[in-house]
Undergrad: 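The structure follows.
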Amino acid sequence: MHILLLASAFNSLTQRVHAELRDHGHRVAVELALPGGSMPEAVRRHAPQLVVAPMLKSAIPEEVWAAYPCFVVHPGPVGDRGPSSLDWAIHEGVDAWGVTVLQADAEMDAGDVWATVPCRLPEVSKSELYRGEIADAALEAVLLAVERFAGGAYVPRGQDADRAAEARLRTRPYMDQSVRRIDWSEDSTRTVLRKLRAADSQPGVLDTLLGGEWYLHGGHPEGVLRGRPGELLATRAGAICRATRDGAVWIPELRPRRETGRPPTFGLPAVRALGDRLPPLPEKPAPRWSGAGNRGWADIRYREERNAGFLSFSFPGGAMSTGQCRRLLDAYREACGRPTSVLVLGGERDFFCNGIHLDVIEAADDPAAESWANINAIDDLVEAVLTTTDRLVVSAVAGNAAAGGVMLALAADEVWCRTGAVLNPHYRLMGLYGSEYWTHTLPRRVGPGTAERLMRDALPVSSAGALRLGLADRVVDSAPEGFAREVADLAARLAALPATASRIAAKKAALDRLQSVTPLAGFRERELTRMRRAFDDPDAPYHALRRSFVHKERPPRTPPHLGPAAVAGTGPAPSAAGIT
């Protein structure tokens, strides 16, 4: 079937819908709903059999939905309506939610129901839920709705056909800052965290701090520190700790409020954003080891189970700055000093890694120099993984990965992806050749021809597609909350296999052979030579593309690589082999 995705942006959910519909053999194109564009004209140009809107902030005009079947993905159960559906659910502490696929009509979110799928809402941020539980339910609902539509016999039902849904029928307003505002003197830690989680990653919670207005992004509980409500207590790994009425929270990122006539602002690590405004505060090192006595927030953690080590990390937005790369490398080296035969690298849910930190680079006094420092720092980390010969290394990809983050995963001996993960193994949309030893690891995995195609097409790859191509060795079929436990069990089994010891012994011999023929240093040097040209040339496309990305500038038109000529169907998903 020829399906057109209408979206406000090619965001994580749109990418996943795109990739998985292609896995199911559909021909998929994307059209972005951009200011000044004509949606009816764009849809007529594509002439789709079905229109699906995974994430659309504007209404589909009657001229479109009257002429083409249009399915809208709404992140709420049947009967729930409004633009801040998920925000309200988190704000109110709802633990059971859902996603509904509706047929577009004259009233927003009021059309007939083609599919609805329930999901849980654990106490994590909105952005984590959106890429995790909500995305899982959305994909199940979209695939079911498309199947029903293709079958031709299904009759969608009105939202008032279900008594339980009818009781929920209401359109809730956009959640503005008057609802999100934190009262530091009155709000409990639980309330503060709920408000922060409901606003992450957009729009953030607007607050005043040290004489400025900031949007707060992210929030994690602190178990020990206490102070006057609203007082800044400490820093940790770029985050600030702020006292609540009955405890304290860690806030990783701040974004200054936009001034009239100025370009859009962007988030930075809180300590970096505050700069000279920040008074002297103690730096409280993060507890590295997980355990009963170390439950405080940390963006890098290590634990051991049954002869397997687990080095987990979770950075906002999945990007890694120079400092974060170096801290993770230190932790990796420390983990390699432990007596384990398997080391698992990756987050327990959400992003794996999206490569270098473009926001921090953009804010640097010398973006070219910071780009160079950042790319070398992540290369050092990838090299450490590639040259580990005394244990097996597994990349556990719980969520999305892109660019250098994909190559970091490929440096390991095995790559295990959660079913919902989406990989973007390319660099060209940022005007870069790429580094992180990709010219060695990607062709080694998928072959030179496929590696070239992945880089050229610059399209997202689902976990099933990654398994089929050889980018992944295993797909772990689990909900986001269950991924870490599944990975722990699989790693323990791998560590206990008799063949593991022989695989470890063979690693050093294989690396020695490689170094004698095509040394790793050569791959790095060739890649970095091309990267440096882009960094040092102020007229190189990278700088304009980076600025546009960081400031969230909307493109003038839908990028050509998302057009129908570039997205022929890729055939059915692989069999259950390699899926656990």
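Note: hydrogens, waters and symmetry copies are ignored here, and every other heavy atom, side chains too, is used. For clarity, every value in this text was computed on a predicted model and none was experimentally measured.
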Undergrad: Is the backbone of D536 close enough, under 3.5 Å, to the side chain of H543 for a donor and an acceptor to pair up by distance?
TA: no
Undergrad: Using side-chain contact (heavy atoms from CB on, under 4.5 Å) as the criterion, list what pairs up with S314, not counting sequence neighbours.
TA: none
Undergrad: Is it the case that the side chain of D473 and the backbone of V415 share a donor-acceptor pair, with hydrogens and angles ignored and the cut-off at 3.5 Å?
TA: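 Looks like yes, one N/O pair under 3.5 Å.
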Undergrad: Quick one: does any side-chain atom of R445 pair with a main-chain N or O of G470 as donor and acceptor, under 3.5 Å?
TA: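 Confirmed, R445 side chain pairs with G470 backbone.
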Undergrad: Is a side-chain N or O of H561 found less than 3.5 angstrom from the main chain of R456, in a donor-acceptor match?
TA: no
Undergrad: So that I know where these two stand, are H18 and F10 an aromatic pair - ring centroids less than 6.0 Å apart?
TA: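 Yes, the ring centres sit under 6.0 Å apart.
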Undergrad: Would a 4.5 Å heavy-atom cut-off, applied to side chains only, mark P269 and V360 as touching?
TA: yes
Undergrad: Calculate, to the nearest 0.5 Å, the distance between atoms NE2 and CG belonging to H551 and D359 respectively.
TA: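 H551 NE2 to D359 CG: 9.0 Å, rounded to 0.5 Å.
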Undergrad: Got a second to check how far I361's CD1 is from I356's CD1, nearest 0.5 Å?
TA: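 That separation rounds to 4.0 Å.
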Undergrad: Shortest non-hydrogen contact from D23 to G465?
TA: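 Result for this residue pair: OD2-N, 3.9 Å.
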Undergrad: Measure the CZ-OG distance between R16 and S463 for me, rounded to the nearest 0.5 Å.
TA: 7.0 Å
Undergrad: Does a side-chain N-to-carboxylate-O contact under 4.0 Å join R493 and D489?
TA: no
Undergrad: Heavy atoms, side chains only, cut-off 4.5 Å: are L511 and T387 in contact?
TA: yes
Undergrad: Can you classify the ring geometry of W114 versus F149 as parallel (below 30°), tilted (30 to 60°) or perpendicular (above 60°)?
TA: perpendicular
Undergrad: Any pair with a residue in residues 398-414 that passes side-chain hydrogen bond (donor to acceptor under 3.5 Å, both in side chains), sequence neighbours left out, goes on the list, sorted by first then second residue, please.
TA: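 Passing the test, one end in residues 398-414: D413-K507, E414-W416, E414-R503.
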Undergrad: Any side-chain heavy atom of Y68 sitting closer than 4.5 Å to one from I60?
TA: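 Counting from C-beta outward, Y68 and I60 never come under 4.5 Å.
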Undergrad: Donor-acceptor check, side chain of D350 to backbone of R131, threshold 3.5 angstrom: yes or no?
TA: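 Absent.
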Undergrad: Would you please name every residue forming a ring pair (Phe, Tyr, Trp, His ring centres under 6.0 Å) with F535, sequence neighbours left out?
TA: Y542
Undergrad: Considering residues, nucleotides and ligands other than E140, do more than 12 of their heavy atoms fall under 6.0 Å from its CD?
TA: no
Undergrad: Is the number of heavy atoms from other residues, nucleotides or ligands within 6.0 Å of CZ (F549) greater than 12?
TA: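 No, not enclosed.
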Undergrad: Between K508 and D512 (salt bridge meaning N to carboxylate O under 4.0 Å), is one present in this structure?
TA: yes
Undergrad: Is any side-chain heavy atom of L467 closer than 4.5 Å to one of C417?
TA: no
Undergrad: Would you mind checking if E525 and R532 are paired as a salt bridge, meaning a charged N to carboxylate O distance below 4.0 Å?
TA: no
Undergrad: Can you tell me how far CZ of R526 sits from CE of M531, rounded to the nearest 0.5 angstrom?
TA: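 It comes to 15.5 Å.
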Undergrad: If the threshold is 4.0 Å, N to carboxylate O, is there a salt bridge linking E348 and R301?
TA: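 Between R301 and E348 there is no salt bridge, as every charged N stays at least 4.0 Å from the carboxylate O atoms.
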Undergrad: Can a side-chain donor-acceptor contact be found between Q324 and H357 if the only test is distance below 3.5 angstrom?
TA: no
Undergrad: Above 12 or not: heavy atoms from other molecules or residues under 6.0 Å from CD of E305?
TA: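 Above 12, so yes.
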Undergrad: Are the charged groups of R418 and D136 less than 4.0 angstrom apart, N to O?
TA: yes
Undergrad: Donor-acceptor pair, R349 side chain versus A479 backbone, under 3.5 Å?
TA: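 No, because the side chain of R349 does not come within donor-acceptor range (under 3.5 Å) of the backbone of A479.
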Undergrad: Any donor and acceptor pair, going by atom type alone, linking the side chain of K552 with main-chain N or O of F266 inside 3.5 Å?
TA: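 Checking the backbone N and O of F266 against the side chain of K552, no donor-acceptor pair under 3.5 Å is found.
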Undergrad: Quick one: side-chain contact (heavy atoms from CB on, under 4.5 Å) partners of A510, sequence neighbours excluded?
TA: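 Only R513 meet the side-chain contact (heavy atoms from CB on, under 4.5 Å) criterion with A510.
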Undergrad: Would a distance-only check, ignoring hydrogens and angles, find a side-chain to backbone donor-acceptor pair under 3.5 Å from Y427 to S435?
TA: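 Yes; at least one donor-acceptor contact below 3.5 Å.
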Undergrad: Does atom CD (Q515) have a neighbourhood of more than 12 heavy atoms from anything else shown, all under 6.0 Å?
TA: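 Yes, enclosed.
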Undergrad: For residues N307 and V342, determine if any side-chain heavy atom of one lies less than 4.5 Å from a side-chain heavy atom of the other.
TA: no
Undergrad: What's the separation between atom CH2 in W97 and atom CG in L129, rounded to the nearest 0.5 Å?
TA: 11.5 Å
Undergrad: Find out whether V461 and P425 are in side-chain contact, i.e. whether some heavy atom of one side chain is under 4.5 Å from a heavy atom of the other.
TA: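 Yes - at least one pair of side-chain heavy atoms lies under 4.5 Å apart.
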Undergrad: How long is the straight-line distance from NE2 of H74 back to CG of L56, given to the nearest 0.5 Å?
TA: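 Taking CG in L56 and NE2 in H74, the distance rounds to 13.5 Å.
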Undergrad: Is a side-chain donor-acceptor pair under 3.5 Å present for S371 with N374?
TA: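 Absent: no donor and acceptor within the cut-off.
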Undergrad: V17 versus L139: any side-chain heavy-atom pair under 4.5 Å?
TA: yes
Undergrad: If only atom types and distance count, is the side chain of D200 paired as donor or acceptor with the main-chain N or O of S127 below 3.5 Å?
TA: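 Not at all, since once roles are kept as given, no pair shorter than 3.5 Å links the two residues.
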Undergrad: Among residues at least two apart in sequence or on other chains, which ones pass side-chain contact (heavy atoms from CB on, under 4.5 Å) with L497?
TA: L494, T500
Undergrad: Under the rule for side-chain contact (heavy atoms from CB on, under 4.5 Å), what residues qualify as partners of P555, not counting sequence neighbours?
TA: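 P555 satisfies side-chain contact (heavy atoms from CB on, under 4.5 Å) with L32, L34 only.
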Undergrad: Which heavy atom of R391 sits nearest a heavy atom of A335, and at what distance?
TA: NH1-O, 3.5 Å
Undergrad: Would R524 and N376 count as having a side-chain donor-acceptor pair, cut-off 3.5 Å?
TA: yes
Undergrad: Do W438 side-chain atoms and A403 backbone N/O form a donor-acceptor pair below 3.5 Å?
TA: no
